[in-house]
Number of protein chains: 2
Amino acid sequence: MPPSDTKTRILDGAERLFAREGFHNTSLRAITSLVGANLASVNYHFGSKDALLQAVIERRLLPLNQIREAKIKEVLTRAREDNTPPTVEALLRAFIEPTLEFSDSSPGARDFISLVGRSLSEPDETVRNCFLVLIFPLFQLLLKGLCEALPHLPQNILLARLQFLMGTVSYVMCTGGRSFFSNTELPSPLDQKTQIQQLLKYALAGLEAAE
Amino acid sequence: MPPSDTKTRILDGAERLFAREGFHNTSLRAITSLVGANLASVNYHFGSKDALLQAVIERRLLPLNQIREAKIKEVLTRAREDNTPPTVEALLRAFIEPTLEFSDSSPGARDFISLVGRSLSEPDETVRNCFLVLIFPLFQLLLKGLCEALPHLPQNILLARLQFLMGTVSYVMCTGGRSFFSNTELPSPLDQKTQIQQLLKYALAGLEAAE
DNA sequence: TCTTTATTTAAACACTTGTTTGAAACGACT
DNA sequence: AGTCGTTTCAAACAAGTGTTTAAATAAAGA
(Lines give C-alpha, C1' and ligand atoms only; values in the text may rest on other atoms or scores of the structure.)
Protein backbone atom coordinates (compact mmCIF):
# COMPACT_ATOMS: atom_id res chain seq x y z
CA MET A 1 0.00 0.00 0.00
CA PRO A 2 1.40 3.40 -0.94
CA PRO A 3 2.19 5.94 1.81
CA SER A 4 -1.40 7.07 1.84
CA ASP A 5 -4.18 6.22 -0.52
CA THR A 6 -6.13 9.34 0.30
CA LYS A 7 -3.08 11.46 -0.40
CA THR A 8 -2.93 10.42 -4.04
CA ARG A 9 -6.70 10.47 -4.32
CA ILE A 10 -6.64 14.08 -3.23
CA LEU A 11 -3.89 14.81 -5.74
CA ASP A 12 -5.96 13.25 -8.51
CA GLY A 13 -9.08 15.17 -7.59
CA ALA A 14 -7.24 18.43 -7.20
CA GLU A 15 -5.52 17.97 -10.54
CA ARG A 16 -8.83 17.41 -12.22
CA LEU A 17 -10.66 20.31 -10.65
CA PHE A 18 -7.79 22.79 -10.82
CA ALA A 19 -7.54 22.03 -14.53
CA ARG A 20 -11.24 22.24 -15.29
CA GLU A 21 -12.44 24.97 -12.95
CA GLY A 22 -9.27 26.87 -12.18
CA PHE A 23 -7.33 27.10 -8.95
CA HIS A 24 -9.19 29.94 -7.28
CA ASN A 25 -12.54 28.63 -8.40
CA THR A 26 -11.95 25.23 -6.83
CA SER A 27 -12.70 24.76 -3.14
CA LEU A 28 -11.09 22.18 -0.92
CA ARG A 29 -14.56 20.91 -0.12
CA ALA A 30 -15.20 20.27 -3.79
CA ILE A 31 -11.99 18.26 -4.01
CA THR A 32 -12.51 16.20 -0.87
CA SER A 33 -16.12 15.43 -1.59
CA LEU A 34 -15.20 14.41 -5.15
CA VAL A 35 -12.71 11.82 -3.95
CA GLY A 36 -14.50 10.88 -0.75
CA ALA A 37 -12.00 12.28 1.68
CA ASN A 38 -12.36 14.40 4.76
CA LEU A 39 -11.92 18.14 4.43
CA ALA A 40 -9.19 18.29 7.04
CA SER A 41 -7.13 15.63 5.30
CA VAL A 42 -5.91 18.17 2.76
CA ASN A 43 -4.29 20.29 5.41
CA TYR A 44 -3.07 17.19 7.20
CA HIS A 45 -1.29 15.79 4.15
CA PHE A 46 -0.25 18.95 2.35
CA GLY A 47 -0.42 21.79 4.83
CA SER A 48 -2.37 24.28 2.74
CA LYS A 49 -4.20 24.76 -0.52
CA ASP A 50 -1.16 26.42 -2.08
CA ALA A 51 1.04 23.54 -1.05
CA LEU A 52 -1.49 21.17 -2.58
CA LEU A 53 -1.17 22.95 -5.91
CA GLN A 54 2.59 22.76 -5.62
CA ALA A 55 2.35 19.01 -5.02
CA VAL A 56 -0.04 18.54 -7.94
CA ILE A 57 2.38 20.31 -10.24
CA GLU A 58 5.55 18.66 -9.06
CA ARG A 59 4.18 15.15 -9.15
CA ARG A 60 3.92 15.23 -12.93
CA LEU A 61 6.09 18.10 -14.07
CA LEU A 62 9.34 16.97 -12.50
CA PRO A 63 9.46 13.62 -14.32
CA LEU A 64 8.13 15.12 -17.53
CA ASN A 65 10.75 17.83 -17.51
CA GLN A 66 13.44 15.25 -16.88
CA ILE A 67 12.42 13.44 -20.06
CA ARG A 68 12.24 16.59 -22.12
CA GLU A 69 15.57 17.82 -20.82
CA ALA A 70 17.23 14.52 -21.60
CA LYS A 71 15.88 14.54 -25.15
CA ILE A 72 16.97 18.07 -25.83
CA LYS A 73 20.42 17.41 -24.40
CA GLU A 74 20.67 14.32 -26.56
CA VAL A 75 19.97 16.40 -29.66
CA LEU A 76 22.59 18.92 -28.60
CA THR A 77 25.35 16.43 -27.82
CA ARG A 78 24.69 14.44 -30.97
CA ALA A 79 25.00 17.61 -33.02
CA ARG A 80 28.22 18.45 -31.26
CA GLU A 81 29.59 15.00 -32.00
CA ASP A 82 28.74 15.33 -35.68
CA ASN A 83 30.17 18.84 -35.64
CA THR A 84 26.95 20.19 -37.21
CA PRO A 85 24.39 22.54 -35.74
CA PRO A 86 21.28 20.83 -34.37
CA THR A 87 18.16 21.13 -36.50
CA VAL A 88 15.28 23.23 -35.28
CA GLU A 89 12.94 20.38 -36.03
CA ALA A 90 14.83 17.96 -33.80
CA LEU A 91 14.76 20.48 -30.98
CA LEU A 92 11.06 21.13 -31.41
CA ARG A 93 10.25 17.44 -31.44
CA ALA A 94 12.32 16.86 -28.33
CA PHE A 95 10.33 19.55 -26.60
CA ILE A 96 6.84 18.83 -27.85
CA GLU A 97 6.54 15.11 -28.44
CA PRO A 98 7.21 13.91 -24.87
CA THR A 99 4.46 16.23 -23.71
CA LEU A 100 1.94 14.62 -26.02
CA GLU A 101 2.93 11.05 -25.26
CA PHE A 102 2.68 11.94 -21.63
CA SER A 103 -0.71 13.53 -22.20
CA ASP A 104 -2.01 10.27 -23.63
CA SER A 105 -0.53 8.18 -20.85
CA SER A 106 -3.42 8.60 -18.43
CA PRO A 107 -6.67 10.53 -18.18
CA GLY A 108 -5.35 12.58 -15.28
CA ALA A 109 -2.31 13.53 -17.32
CA ARG A 110 -4.51 15.16 -19.90
CA ASP A 111 -6.06 17.36 -17.24
CA PHE A 112 -2.63 18.16 -15.96
CA ILE A 113 -1.41 19.25 -19.38
CA SER A 114 -4.26 21.66 -19.79
CA LEU A 115 -3.48 22.98 -16.33
CA VAL A 116 0.11 23.64 -17.35
CA GLY A 117 -1.01 25.12 -20.64
CA ARG A 118 -2.95 27.74 -18.82
CA SER A 119 -0.15 28.53 -16.43
CA LEU A 120 1.52 31.13 -18.65
CA SER A 121 -1.53 33.34 -18.52
CA GLU A 122 -2.36 32.68 -14.90
CA PRO A 123 -3.08 36.07 -13.35
CA ASP A 124 -2.05 35.20 -9.81
CA GLU A 125 1.70 35.62 -9.62
CA THR A 126 2.15 33.17 -6.78
CA VAL A 127 0.32 30.49 -8.71
CA ARG A 128 2.07 31.32 -11.96
CA ASN A 129 5.47 31.09 -10.39
CA CYS A 130 4.78 27.55 -9.24
CA PHE A 131 4.92 26.62 -12.90
CA LEU A 132 7.48 29.07 -14.21
CA VAL A 133 10.15 28.04 -11.75
CA LEU A 134 9.95 24.48 -12.98
CA ILE A 135 9.74 25.36 -16.65
CA PHE A 136 12.42 28.01 -16.78
CA PRO A 137 15.52 25.77 -16.98
CA LEU A 138 13.96 23.88 -19.86
CA PHE A 139 13.09 27.13 -21.58
CA GLN A 140 16.67 28.25 -21.20
CA LEU A 141 18.04 25.02 -22.59
CA LEU A 142 15.76 25.22 -25.58
CA LEU A 143 16.84 28.78 -26.27
CA LYS A 144 20.45 27.73 -26.15
CA GLY A 145 19.71 25.01 -28.66
CA LEU A 146 17.94 27.42 -30.97
CA CYS A 147 20.90 29.76 -30.86
CA GLU A 148 23.09 26.95 -32.08
CA ALA A 149 20.61 25.88 -34.72
CA LEU A 150 20.04 29.38 -36.05
CA PRO A 151 23.30 31.24 -35.40
CA HIS A 152 22.53 33.88 -38.00
CA LEU A 153 19.61 35.20 -35.93
CA PRO A 154 20.21 37.52 -32.95
CA GLN A 155 19.53 35.97 -29.58
CA ASN A 156 16.85 38.43 -28.53
CA ILE A 157 14.90 37.72 -31.69
CA LEU A 158 15.14 34.02 -31.02
CA LEU A 159 13.98 34.69 -27.49
CA ALA A 160 10.93 36.52 -28.79
CA ARG A 161 10.13 33.78 -31.25
CA LEU A 162 10.53 31.12 -28.62
CA GLN A 163 7.95 32.95 -26.58
CA PHE A 164 5.62 33.07 -29.56
CA LEU A 165 6.06 29.33 -29.72
CA MET A 166 5.25 29.01 -26.03
CA GLY A 167 2.06 30.89 -26.73
CA THR A 168 0.80 28.45 -29.32
CA VAL A 169 2.05 25.40 -27.43
CA SER A 170 0.30 26.46 -24.26
CA TYR A 171 -2.83 27.19 -26.25
CA VAL A 172 -2.81 23.72 -27.78
CA MET A 173 -2.07 22.23 -24.39
CA CYS A 174 -4.87 23.91 -22.56
CA THR A 175 -7.45 23.23 -25.24
CA GLY A 176 -6.29 19.63 -25.34
CA GLY A 177 -6.54 19.56 -29.12
CA ARG A 178 -10.16 20.61 -29.15
CA SER A 179 -11.16 24.00 -30.41
CA PHE A 180 -12.92 26.52 -28.24
CA PHE A 181 -14.91 27.53 -31.26
CA SER A 182 -17.15 24.56 -31.76
CA ASN A 183 -19.42 25.67 -34.49
CA THR A 184 -21.03 24.04 -37.46
CA GLU A 185 -20.08 26.95 -39.65
CA LEU A 186 -16.43 26.07 -39.27
CA PRO A 187 -14.61 23.28 -41.09
CA SER A 188 -14.22 20.12 -39.02
CA PRO A 189 -11.07 20.22 -36.87
CA LEU A 190 -8.00 18.07 -37.47
CA ASP A 191 -7.40 14.85 -35.60
CA GLN A 192 -4.76 15.14 -32.96
CA LYS A 193 -1.96 13.53 -34.92
CA THR A 194 -2.17 15.84 -37.91
CA GLN A 195 -2.76 18.78 -35.62
CA ILE A 196 0.63 18.12 -34.07
CA GLN A 197 2.22 17.74 -37.49
CA GLN A 198 0.76 21.08 -38.41
CA LEU A 199 1.93 22.61 -35.17
CA LEU A 200 5.47 21.47 -35.92
CA LYS A 201 5.32 22.83 -39.48
CA TYR A 202 3.86 26.11 -38.29
CA ALA A 203 6.39 26.63 -35.53
CA LEU A 204 9.28 25.49 -37.68
CA ALA A 205 8.47 28.00 -40.40
CA GLY A 206 7.96 30.75 -37.86
CA LEU A 207 11.21 30.12 -36.01
CA GLU A 208 13.27 29.86 -39.17
CA ALA A 209 11.77 32.91 -40.87
CA ALA A 210 14.21 35.50 -42.20
CA GLU A 211 14.92 38.32 -39.81
CA MET B 1 -22.03 65.10 -16.99
CA PRO B 2 -22.16 61.44 -18.10
CA PRO B 3 -24.97 59.25 -16.81
CA SER B 4 -23.00 58.40 -13.71
CA ASP B 5 -19.41 59.10 -12.84
CA THR B 6 -19.21 56.22 -10.40
CA LYS B 7 -20.43 53.87 -13.07
CA THR B 8 -17.40 54.47 -15.27
CA ARG B 9 -15.11 54.63 -12.25
CA ILE B 10 -16.28 51.18 -11.32
CA LEU B 11 -15.73 49.98 -14.87
CA ASP B 12 -12.19 51.33 -14.80
CA GLY B 13 -11.39 49.74 -11.47
CA ALA B 14 -12.93 46.42 -12.43
CA GLU B 15 -11.03 46.39 -15.71
CA ARG B 16 -7.79 46.96 -13.91
CA LEU B 17 -8.30 44.38 -11.20
CA PHE B 18 -9.87 41.73 -13.40
CA ALA B 19 -6.85 42.04 -15.67
CA ARG B 20 -4.23 41.98 -12.96
CA GLU B 21 -5.70 39.60 -10.40
CA GLY B 22 -8.19 37.61 -12.42
CA PHE B 23 -11.96 37.64 -12.28
CA HIS B 24 -12.52 35.13 -9.50
CA ASN B 25 -9.68 36.51 -7.46
CA THR B 26 -11.09 40.04 -7.51
CA SER B 27 -13.74 40.98 -4.97
CA LEU B 28 -16.29 43.69 -5.42
CA ARG B 29 -14.99 45.25 -2.24
CA ALA B 30 -11.53 45.49 -3.75
CA ILE B 31 -12.96 47.27 -6.78
CA THR B 32 -15.18 49.70 -4.90
CA SER B 33 -12.55 50.62 -2.35
CA LEU B 34 -10.03 51.16 -5.15
CA VAL B 35 -12.21 53.70 -6.91
CA GLY B 36 -13.84 55.12 -3.79
CA ALA B 37 -17.32 53.86 -4.41
CA ASN B 38 -19.82 52.15 -2.19
CA LEU B 39 -20.03 48.39 -2.31
CA ALA B 40 -23.71 48.36 -3.16
CA SER B 41 -23.22 50.66 -6.13
CA VAL B 42 -21.94 47.77 -8.22
CA ASN B 43 -25.18 45.88 -7.91
CA TYR B 44 -27.12 49.09 -8.31
CA HIS B 45 -25.46 50.01 -11.60
CA PHE B 46 -24.75 46.60 -13.09
CA GLY B 47 -26.91 44.07 -11.30
CA SER B 48 -24.26 41.49 -10.50
CA LYS B 49 -20.58 40.75 -10.66
CA ASP B 50 -21.03 38.73 -13.85
CA ALA B 51 -22.90 41.58 -15.48
CA LEU B 52 -20.09 43.90 -14.45
CA LEU B 53 -17.60 41.72 -16.30
CA GLN B 54 -19.86 41.71 -19.31
CA ALA B 55 -19.99 45.51 -19.21
CA VAL B 56 -16.23 45.79 -18.84
CA ILE B 57 -15.73 43.61 -21.88
CA GLU B 58 -18.35 45.19 -24.09
CA ARG B 59 -17.30 48.75 -23.40
CA ARG B 60 -14.00 48.24 -25.18
CA LEU B 61 -14.39 45.14 -27.29
CA LEU B 62 -17.41 46.24 -29.30
CA PRO B 63 -15.74 49.35 -30.75
CA LEU B 64 -12.40 47.58 -31.17
CA ASN B 65 -14.01 44.74 -33.05
CA GLN B 66 -15.83 47.19 -35.26
CA ILE B 67 -12.52 48.70 -36.30
CA ARG B 68 -10.88 45.35 -36.89
CA GLU B 69 -13.85 44.08 -38.83
CA ALA B 70 -13.88 47.16 -41.03
CA LYS B 71 -10.18 46.84 -41.77
CA ILE B 72 -10.42 43.17 -42.67
CA LYS B 73 -13.43 43.79 -44.87
CA GLU B 74 -11.57 46.59 -46.57
CA VAL B 75 -8.73 44.24 -47.41
CA LEU B 76 -11.17 41.69 -48.75
CA THR B 77 -13.17 44.07 -50.93
CA ARG B 78 -10.07 45.75 -52.27
CA ALA B 79 -8.70 42.36 -53.26
CA ARG B 80 -11.98 41.50 -54.93
CA GLU B 81 -11.91 44.74 -56.86
CA ASP B 82 -8.38 44.09 -58.08
CA ASN B 83 -9.38 40.50 -58.85
CA THR B 84 -6.41 39.20 -56.86
CA PRO B 85 -6.39 37.19 -53.64
CA PRO B 86 -5.73 39.24 -50.50
CA THR B 87 -2.28 38.89 -49.00
CA VAL B 88 -1.87 37.14 -45.68
CA GLU B 89 0.20 40.03 -44.45
CA ALA B 90 -2.56 42.55 -45.11
CA LEU B 91 -5.03 40.36 -43.26
CA LEU B 92 -2.70 39.91 -40.33
CA ARG B 93 -2.04 43.61 -40.08
CA ALA B 94 -5.74 44.40 -40.23
CA PHE B 95 -6.25 42.05 -37.33
CA ILE B 96 -3.27 42.85 -35.15
CA GLU B 97 -2.41 46.50 -35.64
CA PRO B 98 -5.69 48.02 -34.44
CA THR B 99 -5.30 46.02 -31.27
CA LEU B 100 -1.93 47.54 -30.57
CA GLU B 101 -2.87 51.10 -31.40
CA PHE B 102 -5.84 50.61 -29.15
CA SER B 103 -3.61 49.19 -26.44
CA ASP B 104 -1.50 52.34 -26.49
CA SER B 105 -4.52 54.64 -26.49
CA SER B 106 -5.00 54.66 -22.72
CA PRO B 107 -3.55 52.96 -19.65
CA GLY B 108 -6.82 51.17 -18.97
CA ALA B 109 -6.84 49.82 -22.50
CA ARG B 110 -3.58 48.05 -21.85
CA ASP B 111 -5.10 46.28 -18.89
CA PHE B 112 -8.08 45.40 -20.97
CA ILE B 113 -5.96 43.87 -23.71
CA SER B 114 -4.20 41.61 -21.26
CA LEU B 115 -7.60 40.64 -19.91
CA VAL B 116 -8.73 39.64 -23.38
CA GLY B 117 -5.45 37.88 -24.03
CA ARG B 118 -6.09 35.59 -21.12
CA SER B 119 -9.66 34.91 -22.10
CA LEU B 120 -8.88 31.99 -24.39
CA SER B 121 -7.46 29.99 -21.51
CA GLU B 122 -10.01 31.12 -18.97
CA PRO B 123 -11.13 27.99 -17.13
CA ASP B 124 -14.61 29.18 -16.22
CA GLU B 125 -16.82 28.56 -19.21
CA THR B 126 -19.29 31.29 -18.33
CA VAL B 127 -16.51 33.84 -18.15
CA ARG B 128 -14.78 32.51 -21.25
CA ASN B 129 -17.94 32.72 -23.29
CA CYS B 130 -18.30 36.42 -22.51
CA PHE B 131 -15.24 36.91 -24.69
CA LEU B 132 -15.69 34.17 -27.25
CA VAL B 133 -19.14 35.29 -28.29
CA LEU B 134 -17.77 38.69 -29.20
CA ILE B 135 -14.63 37.41 -30.86
CA PHE B 136 -16.14 34.61 -32.90
CA PRO B 137 -17.51 36.63 -35.85
CA LEU B 138 -14.14 38.28 -36.29
CA PHE B 139 -12.42 34.93 -36.10
CA GLN B 140 -14.75 33.62 -38.77
CA LEU B 141 -14.14 36.58 -41.03
CA LEU B 142 -10.40 36.20 -40.68
CA LEU B 143 -10.62 32.53 -41.55
CA LYS B 144 -12.60 33.35 -44.64
CA GLY B 145 -9.93 35.83 -45.67
CA LEU B 146 -7.18 33.31 -45.14
CA CYS B 147 -9.02 30.79 -47.30
CA GLU B 148 -9.01 33.31 -50.11
CA ALA B 149 -5.40 34.24 -49.56
CA LEU B 150 -4.16 30.66 -49.39
CA PRO B 151 -6.58 28.70 -51.57
CA HIS B 152 -4.15 25.82 -52.02
CA LEU B 153 -4.38 24.93 -48.31
CA PRO B 154 -7.35 22.94 -46.98
CA GLN B 155 -9.73 24.87 -44.78
CA ASN B 156 -9.31 22.72 -41.71
CA ILE B 157 -5.56 23.19 -41.84
CA LEU B 158 -6.02 26.93 -42.07
CA LEU B 159 -8.41 26.71 -39.15
CA ALA B 160 -5.77 24.94 -37.08
CA ARG B 161 -3.10 27.46 -38.03
CA LEU B 162 -5.37 30.35 -37.26
CA GLN B 163 -5.79 28.92 -33.81
CA PHE B 164 -2.04 28.61 -33.42
CA LEU B 165 -1.93 32.29 -34.29
CA MET B 166 -4.56 33.07 -31.70
CA GLY B 167 -2.36 31.30 -29.17
CA THR B 168 0.64 33.52 -29.78
CA VAL B 169 -1.41 36.67 -30.16
CA SER B 170 -3.21 36.10 -26.89
CA TYR B 171 0.10 35.33 -25.25
CA VAL B 172 1.60 38.59 -26.46
CA MET B 173 -1.55 40.41 -25.46
CA CYS B 174 -1.68 39.12 -21.95
CA THR B 175 2.00 39.64 -21.28
CA GLY B 176 1.68 43.13 -22.71
CA GLY B 177 5.00 42.79 -24.51
CA ARG B 178 6.90 41.97 -21.37
CA SER B 179 8.30 38.52 -20.82
CA PHE B 180 7.30 36.37 -17.91
CA PHE B 181 10.83 35.14 -17.75
CA SER B 182 12.65 38.17 -16.46
CA ASN B 183 16.11 36.90 -15.87
CA THR B 184 19.58 38.30 -16.25
CA GLU B 185 20.72 35.09 -17.90
CA LEU B 186 18.49 35.82 -20.87
CA PRO B 187 19.18 38.26 -23.70
CA SER B 188 17.42 41.58 -23.28
CA PRO B 189 13.92 41.56 -24.76
CA LEU B 190 12.90 43.44 -27.89
CA ASP B 191 11.21 46.80 -27.75
CA GLN B 192 7.54 46.65 -28.52
CA LYS B 193 7.75 47.86 -32.10
CA THR B 194 10.22 45.25 -33.27
CA GLN B 195 8.45 42.62 -31.22
CA ILE B 196 5.35 43.25 -33.31
CA GLN B 197 7.37 43.16 -36.51
CA GLN B 198 8.74 39.83 -35.40
CA LEU B 199 5.30 38.58 -34.49
CA LEU B 200 4.09 39.41 -37.98
CA LYS B 201 7.05 37.69 -39.60
CA TYR B 202 6.67 34.66 -37.38
CA ALA B 203 2.95 34.29 -37.97
CA LEU B 204 3.25 35.00 -41.66
CA ALA B 205 5.83 32.27 -42.16
CA GLY B 206 3.80 29.85 -40.07
CA LEU B 207 0.53 30.48 -41.87
CA GLU B 208 2.09 30.26 -45.32
CA ALA B 209 4.15 27.15 -44.64
CA ALA B 210 3.78 24.28 -47.10
CA GLU B 211 1.21 21.70 -46.10
C1' DT C 1 -0.56 -7.61 24.99
C1' DC C 2 0.10 -2.50 25.63
C1' DT C 3 2.08 1.72 23.72
C1' DT C 4 2.99 4.80 20.38
C1' DT C 5 2.51 6.78 16.11
C1' DA C 6 -0.24 7.89 11.93
C1' DT C 7 -4.49 8.84 10.06
C1' DT C 8 -9.40 10.07 9.90
C1' DT C 9 -13.26 12.48 11.49
C1' DA C 10 -16.97 15.99 12.85
C1' DA C 11 -17.21 20.34 14.49
C1' DA C 12 -16.00 24.81 14.96
C1' DC C 13 -13.22 28.91 13.82
C1' DA C 14 -12.51 33.43 11.80
C1' DC C 15 -12.95 35.48 7.61
C1' DT C 16 -14.41 36.74 2.91
C1' DT C 17 -17.71 36.43 -0.67
C1' DG C 18 -21.86 38.48 -3.63
C1' DT C 19 -26.16 40.32 -2.74
C1' DT C 20 -30.04 42.79 -0.45
C1' DT C 21 -32.21 46.22 2.42
C1' DG C 22 -34.15 50.59 3.84
C1' DA C 23 -33.08 54.93 4.97
C1' DA C 24 -30.53 59.07 3.76
C1' DA C 25 -28.84 62.51 0.40
C1' DC C 26 -28.97 64.58 -3.95
C1' DG C 27 -30.70 67.00 -8.27
C1' DA C 28 -34.08 68.61 -11.30
C1' DC C 29 -38.48 70.11 -12.05
C1' DT C 30 -42.96 72.70 -11.17
C1' DA D 1 -41.36 75.78 -1.48
C1' DG D 2 -42.02 70.72 -2.18
C1' DT D 3 -42.17 66.57 -4.97
C1' DC D 4 -40.23 62.86 -7.68
C1' DG D 5 -36.83 59.88 -9.58
C1' DT D 6 -31.99 58.84 -9.09
C1' DT D 7 -28.13 57.79 -6.63
C1' DT D 8 -25.40 56.84 -2.35
C1' DC D 9 -24.64 54.81 2.01
C1' DA D 10 -23.98 51.82 6.27
C1' DA D 11 -25.52 47.70 7.76
C1' DA D 12 -26.90 43.27 7.56
C1' DC D 13 -27.63 38.82 5.15
C1' DA D 14 -26.79 33.97 3.95
C1' DA D 15 -23.50 31.22 1.96
C1' DG D 16 -18.89 29.74 1.16
C1' DT D 17 -13.80 30.04 2.09
C1' DG D 18 -9.21 27.94 4.11
C1' DT D 19 -7.69 26.45 8.41
C1' DT D 20 -7.57 24.55 13.18
C1' DT D 21 -8.90 21.65 17.00
C1' DA D 22 -9.53 17.74 19.77
C1' DA D 23 -11.40 13.41 19.96
C1' DA D 24 -11.89 8.85 17.65
C1' DT D 25 -9.91 5.28 14.99
C1' DA D 26 -6.31 2.46 12.66
C1' DA D 27 -1.71 0.69 12.17
C1' DA D 28 2.58 -0.75 13.73
C1' DG D 29 6.30 -1.93 16.98
C1' DA D 30 7.95 -3.83 21.33
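Just so we're on the same page: letters track the sequence lines, and every chain starts at 1.
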* When you measure from the side chain of A:Asp111 to the backbone N and O of A:Leu17, does any donor-acceptor pair fall under 3.5 Å? -> no
* Asked: Please walk me through it: do A:Thr99 and A:Arg68 pass side-chain hydrogen bond (donor to acceptor under 3.5 Å, both in side chains)?
  -> CA-CA 8 Å; A:Thr99 314; A:Arg68 295 199 281 195; 3.0 Å; yes
* Asked: Should B:Asp124 and B:Arg128 count as an ion pair when the cut-off is N to O under 4.0 Å?
  -> no
* Asked: Can a side chain N or O of B:Ser27 be found less than 4.0 Å away from OP1 or OP2 on C:dT17?
  -> yes
* Structure fact -> Between CG of A:Leu28 and P of D:dT20 the distance, given in whole Å, is 12 Å
* Structure fact -> Applying side chain to side chain contact (heavy atoms under 4.5 Å, CB included) to B:Gln140 and not counting sequence neighbours gives A:Glu185, A:Leu186, B:Phe136
* Starting at CG of B:Asp5 and ending at P of D:dT6, how long is that distance when rounded to a whole Å? -> 19 Å
* By a strict heavy-atom criterion of less than 4.0 Å, which residues belonging to residues 36-44 of chain B are in contact with DNA chain D? -> B:Asn38, B:Ala40, B:Tyr44
* Check the distance between D:dT8's P and B:Lys7's NZ and give it to me in whole angstrom. => 11 Å
* Asked: Starting at NZ of A:Lys49 and ending at P of C:dT16, how long is that distance when rounded to a whole Å?
  -> 16 Å
* First locate atom CD of B:Glu21, then atom OG of B:Ser27, and finally report the distance between them rounded to the nearest 0.5 Å. => 10.0 Å
* To do: Please report, rounded to the nearest Å, how far the P atom of C:dG18 is from the CG atom of B:Asp124.
  => 13 Å
* Tell me: NE2 of A:His45 to P of C:dA6, nearest whole Å? -> 12 Å
* To do: Using a 4.0 Å heavy-atom cut-off across all strands, classify B:Thr32 as base, sugar-phosphate, or nothing.
  => nothing
* To the nearest Å, how far apart are B:Leu53 CG and C:dG18 P? -> 12 Å
* Asked: Does the base of D:dG16 carry an N or O that pairs as donor and acceptor with the side chain of A:Arg29 under 3.5 Å?
  -> no
* B:His24 NE2 to D:dG18 P: how many Å, rounded? -> 13 Å
* Sidechain N-carboxylate O distance under 4.0 Å for A:Asp12, A:Arg59 -> yes
* Can B:Glu69 and B:Lys73 be counted as an ion pair, charged N to O under 4.0 angstrom? -> yes
